[in-house]
Amino acid sequence: MGPVKRLVRWFPKRAMRRGLYLLLLWCCLCYLVIRFSGQDESSLTHGGSMTGRLLLQKIVETRAPPLATTETSVNATTEFNPLDLEPSIDKSPLLSEQDLAAQIEAKIPNLPIRYWQKYKGKVLSKNKTCAKFPSLYDISFNNMYWQTLQTSNGTFHLFGAYYDNRTLVAMKPVIRMLGMVNRLEPKVKTYCQLWFDGHKEPVFARVWEYKYIWYKKWGNYKNGLFQPYLIACQIPPGYRHLIPESVSLVEKPCDMATTNLRVIYNRPQSGQKDHFAVCVKGLDFLHDDLSVRLVEWLELLFLLGADKVFLYNLEIHPNISKVLSFYEEQGRVEVTKLTLPGEQPNIPGLLHMYLKSKVTNKRQNELIPYNDCLYKNMYRYKYIALLDTDEVIMPKSSMSWKTLMETVVPKALKGKNVPRASYNVRNVYFMDTMRHTHGWFRDIPHYMHMLQHVYRSKNYTKPGQYVKCFHDPERVLTLHNHFPLSCLGGGCSSYPIDTEDAHLQHYRADCVNTLKKSCSQEYKNHTILDTTIWRYREPLVSHVTSTLVHLGFFSPGTATRSSDPPASAVRRKK
């Protein structure tokens, strides 16, 4: 018997068949593995294989619906084909270096970036070891908008530089720099490196004045705290017909500068000034949505004759930002970003807490935007007013600021035949609580805060206290919130406008802290009706409502109030 026959006889027939089946199955599996593992990459993208077909299948995303109802299932499905999709990303062309420079200059106006760009790659200096023109990368920045000079006796944080050639400037033309110094009456000698277009080396000028923008009796008068100063250099003979492009402040003339400020000279090409600019300190309204009240305030200023409003932004609510952007696009508002210099906090929220608890520091910091606004606009406007967003200089004998000043200036000249540095108006309170006493006016929109608040204190605050002014920029040197601190051509003469002609309508919830003890007796408990603002009622309501509609402040369901406000005790005068 052969060996094969012996093997067959030895294996049972059933086991033999089972082995054959397993062998066949194993061969099939091996074939499939070899078949699909050998595909090249192209088969994945052209859909010819099983893998390609898998990619073409519709992807089902299962998620819970935003709101479950009786008509919707627990799960909702969204089907899409990834081969038909295109992600939405920003495909704008890359900015040229020139366009990028323009964007940076708009955000940080004190940088001479165009001048730097023009001479980039060229050596500008007195010589190889003296007064090299600083690159933008050599500047010592502090909190984005400040440039820092460390001297042997104090630190300077500089915010802006300005060309001053006004008629009454004794040593004109002068370059002035605005900043904070952590010294009282700085003793360190410093110099200006003046950089002119077309000149390869700087012109040196010694700093001849540190002008203190504060009174020591107001507090914080000690070394180590940053104090507001206006620093001045006279342009040397031989260069007084030229305007510097930028200026660096250094301790020694040949020092490598860590500051380089663009010199601002905003003179209109026509040489003609507009009438009124309004300057507003750094806005600190991160969580307070005062957007609707801001619209009413701005529109009233424009009706009164403000040509432009300049505001500084510390931290603001998104709705306020939306409002300001709208007016910026129209060219009626200009917003400058602002931070606090040095080690002061700029963290959102913490900044507000700091300014609220450190009131004297707050007041000193406010002097920077006020004076920056003055020097940016001294050639562009006849009058500059510093106002808060809850204040309005209200003419009573005329309809506009222009006609008011045409009445006031001749009166001022009768008493003293010399033009005044400023014209001040008395402060009077229109408080929120006075609204609750007398109810709402049903023929005036509820959201018109100032039009609704026409009851005011009968008594004005004392003359000279809490006043606001129209400043003559040809005569003022440094400004405080309420009046000029120093002036050109002698002392500061401020003319008090008669309350029959105008006053300052101040919309507050309460008196300022310094008047809290006498607030109720002198102001809250003695009120009178003052509807002067109603002269502007129709255009004001129209302009405000139109703006709020355009900006989307009226959401569905707010077009009509669910219930009318209480009837007012008085009605608008016909």
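- Atom NZ of Lys322 sits in a crowded spot, with more than 12 heavy atoms from other residues, nucleotides or ligands closer than 6.0 Å.
- In this structure, Arg262 CZ and Ile108 CD1 are separated by 12.0 Å, a value rounded to the nearest 0.5 Å.
- When all heavy atoms of Tyr375 and Leu230 are compared, the closest pair comes out as OH-CD2, 3.3 Å.
- In plain terms, the two heavy atoms of Val409 and Tyr383 that are nearest each other are CG2-OH, 3.6 Å.
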Problem - Asp307 vs His275, side chain to side chain donor-acceptor pair (under 3.5 Å): CA-CA, chis, key distance, verdict - result: CA-CA 7 Å; Asp307 295 290; His275 284 92; 4.8 Å; no

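- Ring orientation note: the planes of Phe156 and Tyr210 are tilted relative to one another, at an angle of 30° to 60°.
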Practice task
Please test Tyr466 against Thr514 for side chain to side chain contact (heavy atoms under 4.5 Å, CB included), starting from the C-alpha separation and ending with a verdict.
Solution key: CA-CA 11 Å; Tyr466 313 106; Thr514 50; 2.5 Å; yes

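- Scanning all heavy atoms of the two residues, the minimum distance from Pro112 to Leu261 falls at CD-C, 4.2 Å.
- Between Phe226 and His157, the ring planes lie tilted relative to each other; the angle falls in the 30° to 60° range.
- For NZ of Lys376, the number of neighbouring non-hydrogen atoms (other residues, nucleotides, ligands) closer than 6.0 Å is greater than 12.
- Between Tyr265 and Tyr162, the distance from one ring center to the other does not fall under 6.0 angstrom.
- Between Tyr423 and Tyr495, the ring planes are perpendicular. Angles over 60° get that label, and only those under 30° would be called parallel.
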Problem - Steps toward side chain to side chain donor-acceptor pair (under 3.5 Å) verdict (Lys516, Asn513) - result: CA-CA 5 Å; Lys516 283 291 180 66; Asn513 290 333; 3.2 Å; yes

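- Side-chain contact, Gln193 with Tyr191: no donor N or O sits under 3.5 Å from an acceptor N or O.
- The pair Arg420-Asp472 does not count as a salt bridge, with every side-chain nitrogen at least 4.0 angstrom from each carboxylate oxygen.
- Between Phe196 and Tyr239, the gap from one ring centroid to the other is short of 6.0 Å.
- Taking the six-membered ring where tryptophan is involved, the planes of Tyr327 and Phe302 are tilted, since the angle between them lies from 30° to 60°.
- Salt bridge status for Glu366 with Arg363: present, with a side-chain N to carboxylate O gap under 4.0 Å.
- Under the 4.5 Å side-chain criterion, counting only non-hydrogen atoms from C-beta, Lys337 is not in contact with Lys107.
- Under the salt bridge (Lys or Arg N to Asp or Glu O under 4.0 Å) criterion, Asp501 pairs with Lys411, not counting sequence neighbours.
- In this structure the side chain of Val188 reaches within 4.5 angstrom of the side chain of Ser152, judged on heavy atoms.
- Ring pair His480/Trp214 is tilted by interplanar angle, where 30° to 60° counts as tilted.
- For the pair Asn346 and Met144, the minimum side-chain heavy-atom distance is 4.5 Å or more.
- You'll find the side chain of Leu194 stays beyond 4.5 Å of the side chain of Leu242, heavy atoms only.
- Around NZ of Lys382, the count of heavy atoms belonging to other residues, nucleotides or ligands within 6.0 Å does not exceed 12.
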Exercise for the section: Check step by step if side chain to side chain donor-acceptor pair (under 3.5 Å) holds for Asn260 and Tyr115. Expected result: CA-CA 11 Å; Asn260 194 244; Tyr115 180 66; over 6 Å; no

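- Classification of the His503-Tyr460 ring pair by plane angle, with boundaries at 30° and 60°, yields tilted.
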Practice task
Dump the intermediate steps for side chain to side chain donor-acceptor pair (under 3.5 Å) on Asn361 and Asn220, then the final yes or no.
Solution key: CA-CA 7 Å; Asn361 299 66; Asn220 272 7; 3.2 Å; yes

Problem - Residue pair Met177, Thr190: steps toward the side chain to side chain contact (heavy atoms under 4.5 Å, CB included) verdict - result: CA-CA 12 Å; Met177 288 168 283; Thr190 53; over 6 Å; no

